[in-house]
Amino acid sequence: MNQDFGQAEDLATAIQEAIEDINLKTEVALCPPFPYLELVTDLADESNFYAGAQNCSQFANGAYTGEISASMLASIGVNFCIVGHSERRKYFNETNDIVAQKVDRLIDEELIPVVCCGEQIEERKAGKHFEVVENQIKESLFHLPKERFEHVVIAYEPVWAIGTGETATPAQAEEMHKFIRSLVEKKYGTEIAYNTYIIYGGSCNAKNAMDLFTQEDVDGGLIGGASLKATEFVEIIEAAETASNEN
């Protein structure tokens, strides 16, 4: 929840101009606050990036004042939507069940859910980080049949590394991403597990992006504060491009 409209327009336009001449292999999505979505979808129509939202309602439609439905997002050209972010879980009491409902609404509208999971620092210190993430994945996603799960992106965001300047080491990120992929493989098979994007969120920036993205099971990043500076965000995109070429 940052920036006024003029600042958002300047940021999105600067990103658009910086990447317009890059033959991107990396898929880039900008996920602004709701009031700026049409700005970003308009830019996306003439650019090589996608538009995404930061949240949606678990309800399809109806008397839910203040909520934004998946169908509303689809109607203005949104492609992706983040759900289950740790801040939504912490401040708005979103449960795995609510996240599962949001996933269903998004897939119904042919939008791609970016489903967040991750542990608190106390849970990692107690050695429960795998258990916590496994429960989040199973309760938020494993109700889906195979043909619907194929449309999901998973974002691992260790809560202790969000906005703190702390980052999971590349080895810690890879360990958890590999674990998540193993859960998907057990449930849906090797092919789907291999083709599922598992991205990392948690103080990813221009300095550490390359080390993270070159890990075997890290398929990209969910970028927070670093995306508010066009030059740094573009550097992260360039790191993803380089990493994809090396892999």
Side-chain angles (χ1 to χ4, degrees), residues 29 31 52-56 58 70 80-107 111-146 148-164 166-188 192-204 212-213 215-225 227:
C31 303
Q54 296 180 8
N55 186 34
C56 74
Q58 69 266 42
F80 294 84
C81 182
I82 301 167
V83 291
H85 193 281
S86 60
E87 290 159 1
R88 299 296 311 177
R89 294 174 185 268
K90 178 179 179 181
Y91 299 121
F92 303 98
N93 302 312
E94 290 191 5
T95 64
N96 292 332
D97 180 61
I98 289 174
V99 174
Q101 293 177 58
K102 293 184 177 189
V103 168
D104 288 341
R105 300 293 81 75
L106 290 167
I107 296 176
L111 299 182
I112 297 173
V114 180
V115 184
C116 299
C117 60
E119 78 281 2
Q120 305 278 345
I121 187 61
E122 297 82 5
E123 293 164 336
R124 176 164 279 270
K125 288 181 176 179
K128 296 181 178 180
H129 45 297
F130 292 121
E131 177 185 345
V132 169
V133 170
E134 181 173 2
N135 286 338
Q136 290 173 338
I137 294 289
K138 287 183 173 180
E139 293 177 10
S140 300
L141 288 173
F142 280 6
H143 65 289
L144 296 170
K146 183 181 293 188
R148 284 169 70 85
F149 183 86
E150 291 177 325
H151 300 284
V152 168
V153 172
I154 298 173
Y156 169 58
E157 43 156 19
V159 180
W160 45 273
I162 298 172
T164 63
E166 296 291 329
T167 310
T169 66
Q172 287 174 321
E174 169 61 19
E175 180 183 43
M176 184 60 80
H177 282 232
K178 187 174 183 178
F179 173 71
I180 293 169
R181 203 176 301 280
S182 74
L183 296 176
V184 176
E185 184 174 22
K186 289 175 186 176
K187 176 71 175 179
Y188 296 106
I192 287 180
Y194 179 81
N195 289 317
T196 297
Y197 286 129
I198 306 174
I199 61 178
Y200 174 80
S203 297
C204 180
L212 288 164
F213 296 163
Q215 300 300 309
E216 182 178 358
D217 289 288
V218 178
D219 300 318
L222 181 65
I223 314 303
S227 68

- The single option from Arg124, Lys128, Lys125, His129 passing side-chain hydrogen bond (donor to acceptor under 3.5 Å, both in side chains) against Glu119: Arg124
- From CA spacing to verdict: side-chain contact (heavy atoms from CB on, under 4.5 Å), Glu122, Trp160: CA-CA 9 Å; Glu122 297 82 5; Trp160 45 273; over 6 Å; no
Measuring from [X]:[atom1] to [Y]:[atom2], what's the distance to the nearest 0.5 Å?
| X | Y | atom1 | atom2 | result |
| --- | --- | --- | --- | --- |
| Tyr188 | Asn195 | OH | CG | 14.5 Å |
| Gln215 | Glu175 | CD | CD | 11.5 Å |
| Ile198 | Asp219 | CD1 | CG | 6.5 Å |
| Gln120 | Arg89 | CD | CZ | 10.0 Å |
| Glu185 | Thr196 | CD | OG1 | 10.5 Å |
| Thr169 | Glu174 | OG1 | CD | 10.5 Å |

Write down the atom of [X], the atom of [Y], and the distance for their closest heavy-atom approach.
| X | Y | value |
| --- | --- | --- |
| Ser203 | Ala161 | OG-O, 2.6 Å |
| Cys204 | Leu212 | SG-CD1, 3.9 Å |
| Gly118 | Val132 | O-CG1, 4.1 Å |
| Cys56 | Ala70 | CB-N, 4.5 Å |
| Val159 | Ser86 | CG2-CB, 3.7 Å |

Would you call [X] and [Y] a side-chain contact if the rule is heavy atoms closer than 4.5 Å?
| X | Y | result |
| --- | --- | --- |
| Gln54 | His85 | no |
| Cys81 | Val83 | yes |
| Arg148 | Asp104 | yes |
| Lys187 | Ile137 | no |
| Ile192 | Val184 | yes |

- Using the side chain to side chain contact (heavy atoms under 4.5 Å, CB included) rule, pick out the option among Leu106, Val153, Ile107 that qualifies with Ile112. Val153
- Run through Cys116, Cys117, Pro113 and flag the one making a side chain to side chain contact (heavy atoms under 4.5 Å, CB included) with Ile154. Cys117
- Within residues 133-142 or reaching into it, pairs that qualify as side-chain hydrogen bond (donor to acceptor under 3.5 Å, both in side chains) - sequence neighbours excluded: Asn96-Glu139, Glu134-Lys138
- Query: Yes or no on side-chain contact (heavy atoms from CB on, under 4.5 Å) for Asn55 and Lys102, after CA distance, side-chain angles and deciding distance?
  - Reply: CA-CA 9 Å; Asn55 186 34; Lys102 293 184 177 189; 2.8 Å; yes
- Query: Are Tyr200 and Phe213 close enough that their ring centers fall under 6.0 Å?
  - Reply: no
- Query: Backbone N or O of Ala193 within a donor-acceptor pair of the Arg181 side chain at under 3.5 Å?
  - Reply: yes
